[in-house]
Amino acid sequence: MKIIIKPIVTEKMTMLTDKLNRYGFQVNPDANKLQIKKAVEDIYNVTVTDVNTANYDGKKKSRYTKSGLITGRTAAFKKAIVTLKEGDTIDFYSNI
């Protein structure tokens with residue numbers, strides 16, 4: 001089971017990273033906090049002090065097309081906010 005799906009790199013998460021040394025990840029909905037902590041520590045070689053998780057429902061979306069109104073939903077996901085030990089950092093752009 002793949003625990004971490006992708007990092008969340010937005011303006012809001014970048015502000016959290018700069019101020020509080022916290023990083024956001026989209027994770028597998030079945031993963032618990034201990035699995036998330038172990039996965040982040042293994043992948044990025046850092047020490048995790050705290051993990052907060054939140055489940056998000058998919059949003060309703062609609063658009064107008066030639067054939068009429070089309071409605072649907074975006075996918076639901078789970079987000080994890082990981083706090084690192086003082087002095088540890090994660091560089092998401094190092095392998096670009």
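The chain is numbered in sequence order, starting from 1. The shown structure was predicted, so the numbers you read here are calculated from the model rather than taken from an experiment.
K79 and Y56 form a side-chain donor-acceptor contact under 3.5 Å, judged by distance and modelled atom types alone.
Counting heavy atoms from C-beta on, the side chains of T53 and I36 come closer than 4.5 Å. Within the 4.5 Å cutoff, the side chain of K78 has no heavy atoms near those of the N28 side chain. Within the 4.5 Å cutoff, the side chain of I5 has no heavy atoms near those of the V27 side chain.
Taking OH from Y23 and OG1 from T89, the interatomic distance works out to 5.0 Å, rounded to the nearest 0.5 Å. Atom OH of Y44 is separated from atom CD1 of I4 by 6.0 Å, given to the nearest 0.5 angstrom. Note that CZ of R63 is 11.0 Å distant from NZ of K61, once rounded to the nearest 0.5 Å. Atom-to-atom distance recorded for D42:CG and K37:NZ is 11.5 Å, nearest 0.5 angstrom.
M13 and I90 end up in different hydrophobic clusters when Ile, Leu, Val, Met, Phe, Trp and Tyr side chains are linked at under 4.5 Å. In this structure, L20 is not a member of the same hydrophobic cluster as L84, with clusters built from ILVMFWY side-chain heavy atoms closer than 4.5 Å. Residues Y93 and I8 fall into different hydrophobic clusters, defined by Ile, Leu, Val, Met, Phe, Trp and Tyr side chains chained together at heavy-atom separations under 4.5 Å. By the criterion of side-chain heavy atoms lying less than 4.5 angstrom apart, applied directly or through intervening Ile, Leu, Val, Met, Phe, Trp or Tyr residues, V46 is not grouped with I81; the two fall into different hydrophobic clusters.
Taking all atoms of both residues into account, the shortest heavy-atom contact from E41 to V48 is OE2-N, 3.1 Å. Annotation for N21 and G87: closest pair ND2-N, 4.4 Å, computed over non-hydrogen atoms.
Partners of D50 under the salt bridge (charged side-chain N to carboxylate O under 4.0 Å, His left out) rule, at least two apart in sequence or in another chain, do not exist in this structure.
Residue pairs meeting the salt bridge (charged side-chain N to carboxylate O under 4.0 Å, His left out) criterion with at least one partner in residues 7-32, sequence neighbours excluded, are absent.
Under a 3.5 Å cut-off, the side chain of T47 and the backbone N or O of K85 do not form any donor-acceptor pair.
More than 12 heavy atoms of other residues, nucleotides or ligands sit less than 6.0 Å from atom CZ of R73.
Between F25 and F92, the angle of the ring planes goes over 60°, which puts this pair in the perpendicular group of the 30/60° scheme.
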